[in-house]
Amino acid sequence: MLDIRLIREQTALVKTELGKAGVAAAEIDRVVECDAERRRLQRELDELRARRTRESKELGRMAPEERESRRAEMRALGDQITAGEQQLAEIELRFNDLMLGIRNIPRPYVPVGNGEADNVIVRSEGEPRKFDFKPAPHWDLGEKLGIIDFERGVKLSGTRFYVLAGLGARLERALIAFMLDLKTREQGYLEIAPPLMVNTATATSTGHLPKNADTMYHDAEEDYWFIPTAELPLTSMYRDEIIETGRLPIYLTAYTPCFRREKMSAGRDVRGIKRGHQFDKVEMVKLVRPETSDDELQSLVENACEICRRLEIPFRVVQLCTADISFASAATYDIEMWAPGLGEWLEVSSCSNCTDFQMRRANIRYRPQKGGKTEFLHALNGSGLGLPRTLIAVMENYQQADGSIVIPEALRPYMGGADRISLA
RNA sequence: GGAGAGGUGGCCGAGUGGUCGAAGGCACCAGAUUGCUAAUCUGGCGUACUGGGUAACCGGUACCGAGGGUUCGAAUCCCUCCCUCUCCGCCA
């Protein structure tokens, strides 16, 4: 959520900045109008209520016979207040809807653009390996080695589901352990094992609700949302809390499965394990002081890059343009690993500075000055990394002419002695 | 799932219809004082919205788990829901 005061007092600026991300100026006008109406009603109602309090107290001090005569009058005032309250409640509902629907303002350094084509490749690291054979896509490798079973995944659940088996499952577990160890031992993150189903308030805090309700799995009976990313529980952990300054910055990491309907991507990436309804991910979340969040974004990106580096897989960092950053984000960098079998760059991480957008929704604050006013923190999140795509990159980059896959050095300690996945 | 108890300010905790935004304590802030790694005293100190003021600040309203109801008036009475704790049942 944006600060209504900013929208109110610097309407033109907000329109310009949001315009860069494709938000229509009319949307801002609607909010400003609704806000004015809301405040007008609020003031009226406050006056009526002040009168009631005042006169009720008088009434209490009156003699009983005198009291009766004023009752009817007071009851009418009470009805007027009730009517005003109902009216205000309606306006507030509409106001909140409007506010929840406005996206975050991009940071000034985010390149202005109209789509994916305007994203900027910031840097690349690692040389793509030269193959003296045609590198196979991971689905061929996985099936031949018996480590990915697509047919049985479909049998068990349906399209976009698959089964990892044997050293395939083991390799994914190794990646998870490797990533979590790096986060917790070297990068200062606290490991969390959060709930995978969250309530509406949690999903609203991060900006996934109300706008993206149709992209999430939802249990109607209990009103639980299956997390599309651990960003939801991690960012909302401290909802409605005032964080002690000494505890900042807070770095959290979690390995969780993620669930996504992938409605928007119907027909895209249907082959392989690149895009499933369920996938594993290691996530990073930071809650930091506002003035540090841009630096923290850089280090967040670096934290994710380090994984690619240690796996010795070529990657590049892409800065998303204003049109491509997500609803809650003010600045986003994607990290893409090279997948020689697919012949494409795979988005394995997306690191965002969400500034105070989510923190305002979640009401997570701190006190910059002891005894002073509270302020909203800034929240950042990034994958570190998405598992299926990392798995693809490992398989395709480390494949050999005979169809076997060599285990990257960094993962060997986690592979129970295996240094290669070969045909049985 | 059954029975009972309970949810009050950053924290603990009192408060059963008006003078309660709410006693008291802790924590915190400012000052005083004694001095020795801290104590004592005095004062201040909730959040949000809103009106006024350059500002310090002053005023109004709302908020005592959430939502509804009764009443001139609700933290307090009634209803529904959520959550926590204890006991029982069931269960991975």
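Note that the structure is predicted; figures quoted are calculated from it, not measured.
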What is the distance, rounded to the nearest whole Å, between atom [atom1] of [X] and atom [atom2] of [N]?
X: Ile243(A); N: C28(B); atom1: CD1; atom2: P; value: 19 Å
X: Glu44(A); N: A62(B); atom1: CD; atom2: P; value: 16 Å
X: Asp240(A); N: A48(B); atom1: CG; atom2: C1'; value: 13 Å
X: Tyr224(A); N: C82(B); atom1: OH; atom2: P; value: 11 Å
X: Arg75(A); N: C72(B); atom1: CZ; atom2: C1'; value: 8 Å
X: Glu9(A); N: C49(B); atom1: CD; atom2: P; value: 12 Å
X: Asp46(A); N: A48(B); atom1: CG; atom2: C1'; value: 12 Å
X: Glu47(A); N: G60(B); atom1: CD; atom2: C1'; value: 9 Å

* To do: Evaluate the side-chain proximity of Ile364(A) to Glu241(A): yes if any heavy-atom separation is below 4.5 Å, no if none is.
  =>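 No, every pair of side-chain atoms sits at 4.5 Å or beyond.
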
* Heavy-atom distance under 4.5 Å between the side chains of Asn303(A) and Lys286(A), does that happen here? ->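 Yes, at least one pair of side-chain atoms sits under 4.5 Å.
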
So what does [X] touch, heavy atoms closer than 4.0 Å: a base, only the sugar-phosphate, or nothing?
X: Arg5(A); answer: sugar-phosphate
X: Arg70(A); answer: nothing
X: Arg8(A); answer: sugar-phosphate
X: Arg38(A); answer: sugar-phosphate

* Asked: Looking at Lys155(A) and Glu151(A), does any basic side-chain N land under 4.0 Å from a carboxylate oxygen?
  ->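 Looking at Glu151(A) together with Lys155(A), the answer is no, because their closest N to O distance does not fall below 4.0 Å.
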
* Pairing of Arg43(A) and Glu47(A) as salt bridge, 4.0 angstrom limit ->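 The answer is no: the pair does not qualify as a salt bridge.
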
Nearest to the side chain of [X], heavy atoms from C-beta on, is which of [options]?
X: Lys57(A); options: G51(B), G10(B), U19(B); value: U19(B)
X: Arg365(A); options: U50(B), U47(B), G18(B); value: U47(B)
X: Ser56(A); options: G73(B), U50(B), U19(B); value: G73(B)
X: Arg39(A); options: U50(B), G10(B), C72(B); value: U50(B)

Only pairs with both distances under 3.5 Å count, Watson-Crick or wobble alike; so what is the partner of [N] in this structure?
N: G67(B); result: C79(B)
N: C91(B); result: none
N: U61(B); result: A48(B)
N: G17(B); result: none
N: A56(B); result: none
N: G9(B); result: none
N: C41(B); result: G31(B)
N: G4(B); result: C85(B)

Please measure how far the [atom1] atom in [N] lies from the corresponding atom in [M], and state the result in whole Å.
N: U42(B); M: C36(B); atom1: P; answer: 22 Å
N: U19(B); M: A74(B); atom1: P; answer: 10 Å
N: U8(B); M: C85(B); atom1: P; answer: 14 Å
N: G53(B); M: U47(B); atom1: P; answer: 24 Å
N: U50(B); M: G65(B); atom1: P; answer: 25 Å
N: G7(B); M: G67(B); atom1: C1'; answer: 16 Å
N: C45(B); M: G24(B); atom1: C1'; answer: 15 Å
N: C83(B); M: C41(B); atom1: C1'; answer: 43 Å

* Flag for Glu231(A)-Gln358(A): side-chain donor and acceptor within less than 3.5 Å ->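 A donor-acceptor contact under 3.5 Å links the two side chains.
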
* Asked: Can Thr332(A) and Ser352(A) be counted as having a side-chain donor-acceptor contact under 3.5 angstrom?
  ->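 A pair is found: one side chain offers a donor N or O, the other an acceptor, under 3.5 Å apart.
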
* To do: May I ask you to decide if the ring planes of Tyr189(A) and Tyr251(A) are parallel, tilted or perpendicular, using 30° and 60° as cut-offs?
  =>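 The rings of Tyr189(A) and Tyr251(A) sit tilted, inter-plane angle from 30° to 60°.
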
* To do: Would you kindly compare Gln86(A) and Gly78(A) by the position of their nearest RNA chain B nucleotide and give the one closer to the 5′ end?
  =>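 Nearer the 5' end of the strand: Gln86(A).
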
* Position toward the 5' end of RNA chain B (nearest nucleotide), Ile242(A) or Arg49(A) ->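 Result of the comparison: Ile242(A).
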
* Answer with yes or no after comparing the ring centroid distance for Phe259(A) and His277(A) against a 6.0 Å cut-off, counting only values under it. =>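 Distance test on ring centres: not under 6.0 Å, no.
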
* Output yes when at least one side-chain N/O atom of Arg52(A) is less than 4.0 Å from OP1 or OP2 of G73(B), else no. =>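 Yes, such a contact exists.
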
